[in-house]
There are 2 protein chains.
Amino acid sequence: MTRAPTPELDDLDVRTLALREATRLFAERGVAGTSLQAVADAVGVSKPTLVYHFGSKDGLREAVLEQLLGHWQDELPRIMAAATAGGPRLEALLDALYAFFLEDRSRALLLLREALDRPDAFRALLRQHLTPWTGLLTQAMRAGQAAGMAHHKADPEAFVQILITTAIGVLAIGDRANALLSPEPSVDTQLSELTRIARAALHPHPQEA
Amino acid sequence: MTRAPTPELDDLDVRTLALREATRLFAERGVAGTSLQAVADAVGVSKPTLVYHFGSKDGLREAVLEQLLGHWQDELPRIMAAATAGGPRLEALLDALYAFFLEDRSRALLLLREALDRPDAFRALLRQHLTPWTGLLTQAMRAGQAAGMAHHKADPEAFVQILITTAIGVLAIGDRANALLSPEPSVDTQLSELTRIARAALHPHPQEA
DNA sequence: CCTACCGATCGGTAGG
DNA sequence: CCTACCGATCGGTAGG
């Protein structure tokens, strides 16, 4: 018995471990494709223990998503501060976006799956947590357009939308979809190209400035 | 009894109807989230009837995918011919890509779900059916680069990859992910902006030509 | 193409 | 945090 019998410590361990394993399994196989028993086995506890900690399978799913959004909430202020330090810098923003999702593949996979499986809940989740931040981006972009530093034909909302959609798409399935091409572009190469595309599409052609 | 009792006709009807309903349900809820009974109810037959026609649930899934890829195989030659008629035209290609997936939302959803749920099978499917065609695109793009008509910094494989990934991403979840922004960009607006981005990222800046 | 039915597994509860 | 167990549903088979 090297393990502390303190219930509070055990609680923390099981809950943390369960969140980690559920995140991994839900991302890989989807929520519908993952049984509570499969999570319980991965954690090394019984099925009712999971129900005790999270109320239900749906409670576990919500806890996993809340944890993901929590990470996001912690990082966003830091990212936005860094990116807008010397005026909004597109590259810094994209690099931060890439880094966040590269740190844990499950993040992009879970987001994409949630978008597919629960459209309404997904929309509500974005509205609640992220719309204020994207508003800052489009605002900065309009300012850039007014100053002639951003392409005047760009639609700020659609531009930001597409960049985020593409980044998450590449990070979630870039290693599968690249079977389309030969030779296969690595995820890193795809992200570099995305940055180049974004830059070219944002900055006005000199003769139009 | 207005319906013909001919078994062959009924066979065709049930199979066709089952494929249609399964496509819709698999796209909406995923394969794991759709029971054979749910498909049977939607078609109006019993569950064993589906097993008779498709062998198993997995057989039904494969039939749905084959039908999707079949459509693609029929349209691709037409698309490529139209797009390369007067030299490769980016806009024509993108419009054809958009049109194909807009015609039936399930197409983009199913592809995305398959990429998530069965990575290896998805890669094999792309390699088998689509890599030759994308090879034509990168080839045309390299020719454009050599002629100074396409941006020399672009990575052809990564560029094509990203355009397709983004188009499918927008068409599959553009109506959910746009809750990120306010006002929400419509899917049409997103596609227009994607075309603009692609054009700006492909064509070299004049001073570099 | 159906009814009847199979064993296995599902999410969740009772009770401790 | 467990064992024991619940009814419901799963994909699939038997037999016609």
Side-chain angles (χ1 to χ4, degrees), chain A residues 1-65 113-114 117-118 121, chain B residues 1-65 113-114 117-118 121:
Chain A
M1 292 274 209
T2 51
R3 205 141 149 258
T6 320
E8 289 81 9
L9 262 181
D10 277 351
D11 273 10
L12 196 68
D13 279 355
V14 168
R15 191 183 163 84
T16 304
L17 221 69
L19 279 177
R20 177 153 66 218
E21 294 303 318
T23 296
R24 184 177 59 81
L25 288 167
F26 287 173
E28 272 175 22
R29 311 176 192 179
V31 176
T34 305
S35 65
L36 275 178
Q37 190 63 61
V39 180
D41 289 347
V43 178
V45 295
S46 70
K47 201 172 56 171
T49 297
L50 292 181
V51 176
Y52 164 75
H53 278 286
F54 299 98
S56 64
K57 189 188 183 183
D58 203 62
L60 176 56
R61 184 190 56 77
E62 281 177 10
V64 164
L65 268 178
R113 285 195 182 277
E114 188 74 1
D117 291 340
R118 303 171 56 90
Chain B
M1 292 274 209
T2 53
R3 204 142 149 260
T6 321
E8 288 80 12
L9 261 179
D10 277 352
D11 273 11
L12 196 69
D13 280 352
V14 167
R15 191 183 163 85
T16 305
L17 220 71
L19 280 175
R20 178 152 67 218
E21 294 304 317
T23 297
R24 184 177 58 81
L25 288 167
F26 287 172
E28 272 175 21
R29 312 177 192 176
V31 176
T34 305
S35 65
L36 275 179
Q37 190 63 62
V39 179
D41 290 347
V43 178
V45 296
S46 70
K47 201 173 55 172
T49 296
L50 292 181
V51 176
Y52 165 74
H53 279 285
F54 299 98
S56 65
K57 189 188 185 184
D58 203 61
L60 176 56
R61 184 191 56 77
E62 281 177 11
V64 164
L65 269 178
R113 285 194 183 278
E114 189 73 1
D117 291 341
R118 303 171 56 88

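Lettering follows sequence order; numbering is per chain, from 1. A quick note: this is a predicted structure, and the numbers were derived from the prediction, not measured.
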> Looking only at side-chain N and O atoms, does A:Ser46 come under 4.0 Å of OP1 or OP2 in D:dC2?
Replying inline: yes
> For D:dG16, which nucleotide is its Watson-Crick or G-U wobble mate, given both distances must be under 3.5 Å?
Replying inline: C:dC1
>> Distance check needed: D:dC5 C1' versus A:Gln37 CD, whole Å only.
In response: 14 Å
>> Checking contacts here: which listed nucleotide (C:dC1, D:dC1, D:dT13) is nearest the side-chain heavy atoms of B:Val51?
In response: D:dT13
>> Rounded at 0.5 Å granularity, tell me how far CG in A:Leu60 sits from CZ in A:Arg15.
In response: 9.0 Å
>> Given D:dC1, C:dC1, D:dG11, identify the nucleotide with an atom nearest to the side chain of B:Lys57.
In response: D:dG11
> Between D:dC2, C:dG12, C:dC2, which nucleotide gets closest to the side-chain atoms of A:Lys47?
Replying inline: C:dG12
> Whole-Å distance between D:dT9 P and B:Asp41 CG?
Replying inline: 11 Å
> What is the pairing partner of C:dG11, taking Watson-Crick or G-U wobble pairs with both distances under 3.5 Å in any strand?
Replying inline: D:dC6
> Can you tell me how far the CG atom of A:Leu50 sits from the OG atom of A:Ser56, to the nearest 0.5 Å?
Replying inline: 11.0 Å
> So, does B:Lys57 use its side chain to make a donor-acceptor pair with the main chain of B:Val31 at under 3.5 Å?
Replying inline: yes
> Quick one: on DNA chain C, does B:Pro48 or A:Leu36 contact a more 5' nucleotide (nearest heavy atom)?
Replying inline: B:Pro48
> Applying the side chain to side chain contact (heavy atoms under 4.5 Å, CB included) test to B:Val39, which of B:Thr23, B:Val45, B:Leu25 qualifies?
Replying inline: B:Leu25
>> So if I take residues 20-35 of chain A and measure heavy-atom distances to DNA chain C, which residues fall below 4.0 Å?
In response: A:Thr34, A:Ser35
> Any sub-3.5 Å donor-acceptor pair from A:Arg113's side-chain atoms to A:Glu28's backbone N or O?
Replying inline: yes
> Can you tell me how far C1' of C:dC10 sits from CG of A:Leu60, to the nearest Å?
Replying inline: 15 Å
>> How close do B:Val43 and B:Ala18 get, counting heavy atoms only, and between which atoms?
In response: CG2-CA, 3.6 Å
